[in-house]
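For clarity, every value in this text was computed on a predicted model and none was experimentally measured. Keep in mind that the numbers below use all heavy atoms, side chains included, and drop hydrogens, waters and symmetry copies.
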Amino acid sequence: MKNADFEGVVDTSDEWIVQRTGIRQRHIASEGETTADLAEKAARAAMKDAGVTASDLDLIILATSTPNYTFPATAVEVQHRLGMKHGAAFDTQAVCSGFVFALTTADQFIRTGQARRILVIGAETFSRILDWTDRTTCVLFGDGAGAVIVEASEGVGSSDDRGVLTCHLRSDGAHREKLYVDGGPSTTQTVGCLRMEGKEVFRHAVGMITDVIEDAYAATGLGSDDLDWFVPHQANKRIIDASAKKLGIAPEKVVITVDIHGNTSAASIPLALAVASKDGRLKPGDLVLLEAMGGGFTWGSVLLRW
Ligand code: ACO
């Protein structure tokens with residue numbers, strides 16, 4: 001769906017959307033297409049790319065705020081579709097930080113030896129929870145899914161090791177009202193629509209993002225100059241640019257996909273990784289910094305070697 005396709009839907013313009021957000025288009029799931037459908041496609045693509053089958057996996061973690069059903073977890077549906085009868089599958093919910101929370105969880109399972117190979121998916125159909133009469137939100141979001149496979153391997157314990165080097169998660173429920181969905185099983189018994197005070201989210205975003213990135217630098221002794229790629233959550237190009245500038249990350253190291261995907265919440269980072277991996281930018285051994293901030297508020301960073 002291009003910006004121009006909003007003509008006749010809400011009072012907006014391509015110029016306003018591009019200028020304020022960097023978004024030019026977003027994808028909308030077709031009628032009847034669900035989060036599990038998108039997640040399954042991303043999962044199969046990641047498994048093919050990694051050369052693994054369902055029997056090689058022992059855990060699936062799926063980050064989403066737009067599950068197929070209130071329960072069971074969408075991850076369990078994906079597990080079934082992949083023909084996986086062993087192991088376990090569960091969802092995580094941290095809105096736009098969902099993938100960072102899921103990857104951090106996967107890292108803990110790997111480090112403690114509880115799992116050796118994990119499928120981590122970010123999948124969303126935000127189009128289903130948008131108020132399509134509210135121009136301040138409906139132009140911002142899109143649907144999509146991305147996935148990665150995380151595998152245990154022995155390293156030497158230095159920042160030259162490949163894999164996840166450090167993870168830093170934060171949340172603060174005091175900001176709940178600034179970005180939330182106004183429905184739920186225990187309150188309204190409805191699904192609800194996304195509500196956002198965009199200016200307020202923007203005001204907090206850069207500070208929160210840079211805080212957790214500085215935590216990652218402090219934990220590893222690495223810094224912006226050491227990065228090969230910065231793959232941030234794709235909410236708004238202005239937030240990404242301001243964060244990169246504050247941290248001294250060179251613009252050519254920033255992977256931007258918000259222009260083609262819009263904000264796909266938990267799916268945005270794995271989608272951006274897929275784009276940068278496919279076009280040859282991401283290479284084995286590259287130092288990659290992920291970050292996200294979203295509803296809750298939740299925020300976090302993951303520093304990894306690809
Ligand atoms: N088209 C045209 N005009 C619009 C639109 C639109 N789609 N939306 C709002 N406007 C108008 C407003 O009504 C306002 O008009 P007014 O001055 O007459 O009142 C004017 O544009 C400016 O609105 P602002 O809200 O001040 O615009 P701002 O520059 O702050 O940009 C935006 C809005 C893009 C939402 C920005 O605040 C933002 O990106 N915030 C962060 C959002 C975000 O990242 N959310 C995702 C977090 S992740 C998650 O967990 C889901």
Side-chain angles (χ1 to χ4, degrees), residues 17-18 21-27 38 42 45-46 49-50 63 96-104 120-124 140-150 162-168 205-206 208-210 212-214 216-217 220 222-294 299-306:
I17 300 171
V18 172
T21 71
I23 298 167
R24 294 183 182 276
Q25 62 169 43
R26 74 286 295 137
H27 294 79
L38 303 182
D49 193 48
C96 293
S97 309
F99 185 76
V100 165
F101 275 61
L103 190 56
T104 301
V120 184
I121 310 169
E124 302 279 16
L140 303 175
F141 296 90
D143 300 335
V148 300
I149 310 278
V150 184
R162 287 185 66 196
V164 174
L165 300 175
T166 191
C167 305
H168 299 269
V206 177
M208 289 176 164
I209 289 164
T210 50
V212 281
I213 290 174
E214 274 156 10
Y217 290 166
T220 55
L222 297 167
S224 295
D225 288 344
D226 300 306
L227 298 179
D228 292 295
W229 300 108
F230 179 42
V231 186
H233 167 52
Q234 309 281 322
N236 185 318
K237 188 162 183 304
R238 282 157 61 209
I239 295 177
I240 296 172
D241 289 348
S243 307
K245 191 169 173 206
K246 191 168 171 197
L247 290 156
I249 300 172
E252 60 273 17
K253 292 182 178 178
V254 184
V255 175
I256 303 269
T257 50
V258 70
D259 53 335
I260 54 169
H261 295 150
N263 180 349
T264 57
S265 190
S268 88
I269 292 174
L271 273 170
L273 288 172
V275 167
S277 163
K278 242 187 209 143
D279 68 20
R281 272 179 289 177
L282 271 184
K283 291 183 198 65
D286 279 356
L287 186 66
V288 182
L289 175 65
L290 315 180
E291 64 76 6
M293 182 263 184
W299 63 107
S301 65
V302 174
L303 188 59
L304 60 89
R305 198 167 289 286
W306 189 251

Just jot down the side-chain contact (heavy atoms from CB on, under 4.5 Å) partners of [X], sequence neighbours excluded, or say none.
{"X": "Lys278", "answer": "none"}
{"X": "Ala244", "answer": "Phe230, Ile249, Val254"}
{"X": "Ala63", "answer": "Thr92, Ala102, Ala266"}
{"X": "Thr210", "answer": "Val206, Lys246, Leu247"}

* Report, as yes or no, whether the 6.0 Å neighbourhood of atom CZ on Arg24 holds more than 12 heavy atoms from other residues, nucleotides or ligands. =>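 Open: at most 12 neighbouring heavy atoms sit under 6.0 Å from CZ of Arg24.
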* Might you confirm whether atom NZ of Lys237 has over 12 heavy atoms from other residues, nucleotides or ligands at distances under 6.0 Å? =>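 At most 12 heavy atoms, drawn from other residues, nucleotides or ligands, come within 6.0 Å of this atom.
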So, taking the atom named [atom1] in [X] and the one named [atom2] in [Y], what distance separates them when rounded to the nearest 0.5 Å?
{"X": "Ile239", "Y": "Met208", "atom1": "CD1", "atom2": "CE", "result": "11.5 Å"}
{"X": "Ile269", "Y": "Leu103", "atom1": "CD1", "atom2": "CG", "result": "8.5 Å"}
{"X": "His233", "Y": "Leu271", "atom1": "NE2", "atom2": "CG", "result": "11.5 Å"}
{"X": "Ile260", "Y": "Arg26", "atom1": "CD1", "atom2": "CZ", "result": "12.5 Å"}
{"X": "Leu140", "Y": "Thr264", "atom1": "CG", "atom2": "OG1", "result": "12.5 Å"}
{"X": "His261", "Y": "Ile256", "atom1": "NE2", "atom2": "CD1", "result": "12.5 Å"}

* Quick one: does Asp286's side chain have a donor or acceptor within less than 3.5 Å of a partner on Val288's backbone? ->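 No, Asp286 side chain to Val288 backbone: no donor-acceptor pair under 3.5 Å.
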* Is the backbone N or O of Gly223 less than 3.5 Å from a side-chain atom of Asp226, with the two atoms forming a donor-acceptor pair by type? ->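 Looks like yes, one N/O pair under 3.5 Å.
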* **Thr220: side chain to side chain donor-acceptor pair (under 3.5 Å) partners, not counting sequence neighbours** =>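 In terms of side chain to side chain donor-acceptor pair (under 3.5 Å), with neighbours along the sequence ignored, Thr220 is linked to no residue.
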State, yes or no, whether a side-chain contact exists between [X] and [Y] at a heavy-atom distance under 4.5 Å.
{"X": "Phe99", "Y": "Val120", "value": "yes"}
{"X": "Thr104", "Y": "Val302", "value": "yes"}
{"X": "Val100", "Y": "Glu291", "value": "no"}
{"X": "Ile149", "Y": "Asp49", "value": "no"}
{"X": "Leu227", "Y": "Tyr217", "value": "yes"}

* Asked: Under the side chain to side chain contact (heavy atoms under 4.5 Å, CB included) criterion, do Ile23 and Gln234 qualify, and how do the steps go?
  -> CA-CA 10 Å; Ile23 298 167; Gln234 309 281 322; over 6 Å; no
* Stepwise side chain to side chain contact (heavy atoms under 4.5 Å, CB included) test for Asn236 and Val258 -> CA-CA 7 Å; Asn236 185 318; Val258 70; 5.9 Å; no
* Do the side-chain N and O atoms of His168 and Ser301 include a donor-acceptor pair separated by under 3.5 angstrom? ->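 No pair is found: no donor N or O on one side chain lies under 3.5 Å from an acceptor on the other.
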* **ring pair (Phe, Tyr, Trp, His ring centres under 6.0 Å) against Phe141, all qualifying residues, sequence neighbours excluded** =>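 For Phe141 the ring pair (Phe, Tyr, Trp, His ring centres under 6.0 Å) partners, ignoring immediate neighbours, are Phe126.
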